[in-house]
Amino acid sequence: MPYVLKFDPNEPKYEFITDTARAVEALKALISEKAVGVDVETTHTDPYLGALLTVQIGTETISYVFDARILHLGEIHGFSELLTNKKVIKILHNAKFDYKWIKHFTGVAMENIYDTMLAEAVLTAGLGSGYFSLLSLAQAYAGIDMNKDIRKSFAGQQHAHFTEEQLKYGAKDTLVLFPIFEQQLQKLKKENVLNVAKLEFATTSVVAEMEYRGIYVDRKKWHEILDIIRVDRDKAMAEFYEAIKPYFPTAQFNLFGGTAPAINLNSQQQLMDLFNNKLKLNIPSTGVEILEEQKHPIAQILLNYRQSEKLLSAFGESFLELVNPKTNRVHPEFNQMGAATGRFSCNKPNLQQIPAGRTASFRTCFNPKPGYKMVVSDYSSMEMRILADLSGDEKFIKAIKDGLDLHSYTAALMFGLEYTDDFKKKYPDKRQAAKAINFGLMYGMGAGSLARQIDVTPEDAEQYMEKYFQSYPSVRKWLDKQAKDAIVHGYSMTPAGRKRWYKLPEKSDPEYRKKISRIQRQAKNHPIQGTNADAIKYALVFVQERFKSGQYDGGITHTVHDEIVCEVREDQAEEFSHVLSNDMIRAGEIFIKKVPLASEPFVGDVWEH
DNA sequence: AGAGGTGGTG
DNA sequence: CATGCACCACCTCT
């Protein structure tokens, strides 16, 4: 049945509230509602740098526009009571944005959130971009055109009077949430993903708190690391230009007597010309895997240059510019539906791609605030445990239960060797090969790429894989079933019920097989990666409760797929580290019942372990 | 502005 | 028949 609008999009009913007495009355009326729409207007996107102008809270028929410049909302009776009330659903679009502003300016931490943006992301995972504007949802669910230009007009409105146009716009933003909410709810139930949506909603306030808190970055130390890398980079660059001199006999001299670089080291086009036309190496690309095979010294020099240049460009000044001048911390944006699998993505800066090796120790620059410790915990080999559990493979499960080193154990089975505690030392190559298989098959890898990766013939790789699947027969069965089901149903699913949909190609599509194969690989991986995501989201909710309840002093600073990083008051850190690990395990056990889980805690002064 | 190449993370 | 999942940032080139 079509949804009937309860308001007039051209004349939205609203009340502009500037006095406390009227605010109290409005809030009193609102608290008996089943659900309210909430939105804010601000002068900026960053609560640390801007001002809160209005908070709109409304029903499906009327929106109350509270003037946050005049009213002390945090102290007004009924405001906190309404926004933290667990019986009244707060409907928002991209709730973490409003959450941060309301928290910052009123001290109120909203509860019981329904987020129309996240709901849409859950409903279209794998199909869309993961980002949905209120504009597009208003159009799709209510046929309403929203004027996006008015939002920009709030930037300079800190003291001036709002126009009626602006107030109407603000009001419409809460009114339009209802038709979206009502219809999404039906869809979420119909697709059986309401529980996943609820997990996302519970997670969103945790994400808001995490972004709001941010994490301290030691800029001085960061610069010291950059200086060292820059020396290496310049050295490699000099070596490179020296080495290519013979190939550029006409190398021009510029006006200042120095040589003008004959080649832009960052131009793959010019490099290809050098390697193929001058050096006659005939390489298909200049990627690491190709260059590593080349004997020519220039290839090695380029690799050295690239290694340093990569770090300087991706983690240089541009990174430090993202440190917030007010807080001296970075406040990355975490997109909780950033990946089609349910994983987080992260940007500005992307803390999920800070180098982890020991060569570039950027992670040591992330420190707790004074009097606090970094407390970190990682799930150990989580995706392998998930695969063991979901496939129900007895041998696989037993190996985990017995606490064996899984890569070594797989190697022992595949190569017919005896498993011992020092297997890793005795057969490092065999273990490495098994590791490649263990990971690769979770991505649906074929024998061809396995052969390339562990440097054996395709025939050998084929044999290894066959041996692997003979060792773990249920794993093969399970993977095959995921691939098949995805094509039959058009989606794959985690045990938590998180779905990822696929756009199936037409039979006539010239790339039909290629596309089907790709979907099959994605469908094999999705329940594994997605279950990890489900677990970490539950864990984040559990852990946040530890801080919110006042049990521990501190907060979550960030999360990297299978890792949660917190800063916790020094005297509580050690104890908290075990609480953190246990919460992560407890969260995982909601979905993983047959296999024991582990999460390793660390306490220190840096984000690194 | 967008695509493609490269490379950082789990 | 093609052949490893999920991201984001920076660079060059068009």
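Letters A, B, ... mirror the listed sequences (proteins, then strands); counts begin at 1. Side-chain atoms are counted along with the backbone in the values below, which use heavy atoms only and exclude waters and symmetry mates.
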Would you mind classifying the nucleic acid contact of [X] as base, sugar-phosphate or nothing, using non-hydrogen atoms under 4.0 angstrom?
X       : value
I516(A) : nothing
Q269(A) : sugar-phosphate
G448(A) : nothing
S345(A) : sugar-phosphate

Could you list the protein-to-nucleotides 1-3 of chain B atom pairs, N/O on both sides, closer than 3.5 Å?
none

Choosing from [options], which nucleotide comes nearest the side chain of [X]?
X       : options                  : answer
R306(A) : dT6(B), dG10(B), dA9(C)  : dT6(B)
A339(A) : dC7(C), dC13(C), dT12(C) : dC7(C)
R513(A) : dC1(C), dC7(C), dG10(B)  : dC1(C)
R363(A) : dG10(B), dC8(C), dG8(B)  : dG10(B)
T341(A) : dT9(B), dA6(C), dC10(C)  : dA6(C)
Y443(A) : dC5(C), dC8(C), dC11(C)  : dC5(C)
M445(A) : dC8(C), dG4(C), dC7(C)   : dG4(C)
A340(A) : dT14(C), dG8(B), dC7(C)  : dC7(C)

Legend entry - Nearest-angstrom distance, P atom, dT3(C) to dG5(B): 14 Å

Do [X] and [Y] have a side chain donor and acceptor closer than 3.5 Å?
X       : Y       : value
R306(A) : T286(A) : yes
Y247(A) : N277(A) : no
D405(A) : S408(A) : yes
T204(A) : Q336(A) : yes

Inset, instruction - Kindly determine whether R498(A) and E200(A) satisfy salt bridge (charged side-chain N to carboxylate O under 4.0 Å, His left out), including the steps that lead there. - result: CA-CA 10 Å; R498(A) 179 186 300 282; E200(A) 296 300 338; 2.7 Å; yes

Counting just side-chain N and O atoms, does [X] come under 4.0 Å of either OP1 or OP2 of [N]?
X       : N       : value
R518(A) : dT3(C)  : no
Q268(A) : dT6(B)  : yes
N264(A) : dT12(C) : yes
S267(A) : dC11(C) : no
S318(A) : dC10(C) : yes
S313(A) : dA9(C)  : no
S449(A) : dG4(C)  : yes
T286(A) : dG5(B)  : no
R500(A) : dA6(C)  : yes

Legend entry - K424(A) atom NZ: more than 12 heavy-atom contacts under 6.0 Å: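 No, because the 6.0 Å sphere around NZ of K424(A) holds 12 heavy atoms or fewer from other groups.
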
Legend entry - Atom CD of E292(A): over 12 foreign heavy atoms under 6.0 Å: yes

Legend entry - Gap between atom CE of M237(A) and atom CG of N304(A) - 0.5 Å precision: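 Answer rounded to 0.5 Å: 13.0 Å.
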
Inset, instruction - Check whether the side chain of Q453(A) and the base of dG4(C) form a donor-acceptor pair under 3.5 Å. - result: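 In this structure, the two groups form a donor-acceptor pair.
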
Could [X] and [Y] be called an ion pair, given the rule that one side-chain N must be under 4.0 Å from one carboxylate O?
X       : Y       : value
R213(A) : E567(A) : yes
E466(A) : R476(A) : yes
K537(A) : D534(A) : no

Calculate the interatomic distance between [X] atom [atom1] and [N] atom [atom2]; express it in whole Å.
X       : N       : atom1 : atom2 : value
K310(A) : dT12(C) : NZ    : P     : 13 Å
K348(A) : dC7(C)  : NZ    : C1'   : 16 Å
E309(A) : dG7(B)  : CD    : P     : 12 Å
N347(A) : dC7(C)  : CG    : P     : 13 Å
H561(A) : dT9(B)  : NE2   : C1'   : 6 Å
I437(A) : dG4(C)  : CD1   : P     : 14 Å
Q307(A) : dG8(B)  : CD    : P     : 7 Å
L274(A) : dT12(C) : CG    : C1'   : 17 Å

Inset, instruction - Look at the rings of F366(A) and W607(A) and say which category their plane angle falls in: under 30° parallel, 30 to 60° tilted, over 60° perpendicular. - result: perpendicular

Legend entry - Members of residues 521-538 of chain A that approach DNA chain C, where some heavy atom sits under 4.0 Å away: R521(A), Q522(A), N525(A), Q529(A)

